[in-house]
Amino acid sequence: MEALLCRKLGDPTVSLEDNDSPIVLSKNHPIPQLDSPTAVRVRIKATSLNFANYLQILGKYQEKPSLPFIPGSDFSGYVDAVGPKVSNFRVGDPVCSFAGLGSFAQFIVVDESQLFRVPQGCDLVAAGALAVAFGTSHVALVHRAQLASGQVLLVLGAAGGVGLAAVQIGKACGAIVIAVARGAEKVQLLKSIGVDHVVDLGNENLTESVRKFLQTRRLKGVDVLYDPVGGKLTKESLRLLKWGANILIIGFASGEVPVIPVNVALVKNWTVHGLYWGSYKIHRPGVLEDSVKELLSWLARGLISIHISHSYPPSEANFAFSAMKDRKVIGKVMIVFDEKHTRSKL
């Protein structure tokens with residue numbers, strides 16, 4: 001089978017044909033075999049790139065697998081083979097899931113308890129981008145912050161994978177959503193999906209723009225801050241939070257870890273939530289299962305949609321990582337197996 005193999009740590013934007021590339025496309029990698037009576041082998045249709053995958057290949061992620069390894073997390077595809085005690089799936093069923101490693105390949109083996117059936121009418125490639133980005137935002141907003149209808153949600157990095165998911169989940173929960181992004185194309189997309197207010201950092205001041213909007217709506221401040229960016233934006237956003245606000249720390253795409261003054265958090269009764277979505281698989285797997293099931297239901301009903309701005313074959317994985325590194329992605333970037341297609345940008 002084809003598999004993208006990380007043989008050393010380094011920059012995944014380097015051409016796969018270059019000797020300096022940390023990843024190589026192996027075309028004769030062994031197909032994984034069923035390893036238990038309840039195991040299912042999936043022929044992968046599409047797998048999503050997440051910022052964590054980029055950091056992991058660089059060697060800068062909190063989890064550092066032994067070399068060599070096949071990167072990858074969320075995926076979708078069709079059931080290819082089932083163990084003798086598998087009861088919920090048959091060969092040919094469309095499914096999606098997520099794994100700690102291994103989805104940057106044509107086949108993957110997981111236990112049937114970790115698989116989710118993709119509802120009829122849902123795009124299978126899009127379903128391959130659901131679990132991590134939308135799962136992160138869903139667990140953060142619904143499970144941790146308990147976002148309620150009428151509350152004000154401020155989303156930083158709103159045009160990225162988790163940010164765009166947070167915006168849509170916020171609207172599905174009935175929140176008043178303020179999205180922060182940079183560039184006319186990203187702003188246009190956010191407005192088109194019904195965001196209440198968009199701040200374009202290319203030509204607007206975050207604090208001034210949000211305060212003006214809040215005053216216009218006669219709102220006292222932000223109830224929930226969703227922050228996958230960090231750095232200076234976090235510090236600016238804290239000025240907009242009301243008493244009793246929830247702060248969701250998702251990641252540090254800016255490369256800078258912010259400092260939240262705990263004395264101010266004490267006085268204003270803020271709650272700071274660190275959210276490492278992957279650790280729920282170990283500590284609260286039931287939360288993840290319920291979250292993905294609800295998201296698939298929302299996807300089937302049209303309450304959320306998955307925006308894929310770029311897709312590439314595995315042989316061009318470096319271009320996929322470059323699109324992410326250069327912040328050209330609006331929504332998700334995908335690696336798609338087994339189909340003739342050209343690079344796409346919606």
Check the hydrophobic clustering (I, L, V, M, F, W, Y; side-chain heavy atoms under 4.5 Å; chains of links allowed) and say if L9 and Y61 are grouped together. no
Distance flag, aromatic centroids of W277 and F134, threshold under 6.0 Å: no
Taking atom types as modelled, is there a side-chain donor on K45 or S76 under 3.5 Å from an acceptor on the other? no
Could D93 and R117 be called an ion pair, given the rule that one side-chain N must be under 4.0 Å from one carboxylate O? yes
Pairwise side-chain contact, F337 with P314, heavy-atom cut-off 4.5 Å (strictly under): yes
Ionic contact status for K186 with D200, cut-off 4.0 Å: no
Is a side-chain N or O of R144 found less than 3.5 angstrom from the main chain of G274, in a donor-acceptor match? yes
Answer with yes or no whether the side chains of S305 and H307 bring together a donor and an acceptor at under 3.5 Å. yes
Please answer: with hydrophobic residues joined when any side-chain heavy atoms are less than 4.5 Å apart, are L295 and L153 in the same cluster? yes
In this structure, which one of V210, V224, L214 forms a side-chain contact (heavy atoms from CB on, under 4.5 Å) with V152? L214
Would you indicate whether R7, at its atom CZ, is surrounded by more than 12 heavy atoms from other residues, nucleotides or ligands within a distance under 6.0 Å? yes
Donor-acceptor pair, D111 side chain versus S113 backbone, under 3.5 Å? yes
Report yes if some heavy atom in the side chain of F104 is under 4.5 Å from a heavy atom in the side chain of L49; otherwise report no. yes
Looking at G221, is its backbone amide N or carbonyl O close enough to the side chain of R211 to form a donor-acceptor pair, meaning the two atoms are under 3.5 Å apart? no
Check whether D80 reaches the backbone of R41 with its side chain - one donor and one acceptor, N or O, closer than 3.5 Å. no
Compare all side-chain heavy atoms of I44 with those of I108 and state whether any distance is below 4.5 angstrom. yes
Less than 4.5 Å apart, side chain to side chain, heavy atoms only: is that true for I176 and L219? yes
Exam field: side chain T13 to backbone S322, donor-acceptor pair closer than 3.5 Å: no
Side chains of H138 and E294, donor plus acceptor under 3.5 Å: yes
Hey, can you tell me if H143 and Y280 have their rings parallel, tilted or perpendicular (30° and 60° cut-offs)? perpendicular
Is there a donor-acceptor pair closer than 3.5 Å between any side-chain N or O of S291 and the backbone N or O of V287? no
Any side-chain heavy-atom pair of L201 and L233 under 4.5 Å: yes
We want to know whether Y276 and E63 form a side-chain donor-acceptor pair, criterion being a heavy-atom distance below 3.5 angstrom. yes
Determine whether the side chains of E112 and T38 contain a donor N or O and an acceptor N or O closer than 3.5 Å. no
Pairing of E289 and K293 as salt bridge, 4.0 angstrom limit: yes
Look at the aromatic rings of Y54 and F51 and report parallel, tilted or perpendicular, splitting at 30° and 60°. tilted
Determine yes or no for a side-chain-to-main-chain donor-acceptor pair under 3.5 angstrom, with S48 supplying the side chain and A129 the backbone. no
Considering all heavy atoms, the nearest Q106-E2 contact: OE1-N, 2.7 Å
Can you find a heavy atom in the side chain of I23 that is under 4.5 Å from one in the side chain of I57? yes
Would a hydrophobic clustering, with Ile, Leu, Val, Met, Phe, Trp and Tyr connected at side-chain separations under 4.5 Å, put W270 with L141? no
D11 vs K325 side-chain heavy atoms within contact, under 4.5 Å: yes
Give a yes or no answer on whether the side chain of E208 reaches the backbone of N205 with a donor-acceptor pair at less than 3.5 Å. no
What are the two closest non-hydrogen atoms of L25 and L4, and how far apart are they? CD1-CD2, 4.0 Å
Heavy-atom donor-acceptor pair, N50 side chain to N53 backbone, under 3.5 Å: no
Closest contact, heavy atoms only, L248 versus A145: CD1-CB, 4.0 Å
Closest contact, heavy atoms only, G170 versus L147: CA-CD2, 3.8 Å
Let me check something: do L225 and V162 share a hydrophobic cluster, defined by ILVMFWY side-chain heavy atoms less than 4.5 Å apart, either directly or through other members? no
Distance-only polar pair, side chains of T216 and H197, donor-acceptor under 3.5 Å: no
With side chains defined as the heavy atoms from C-beta onward, is the minimum distance between R217 and D196 less than 4.5 Å? yes
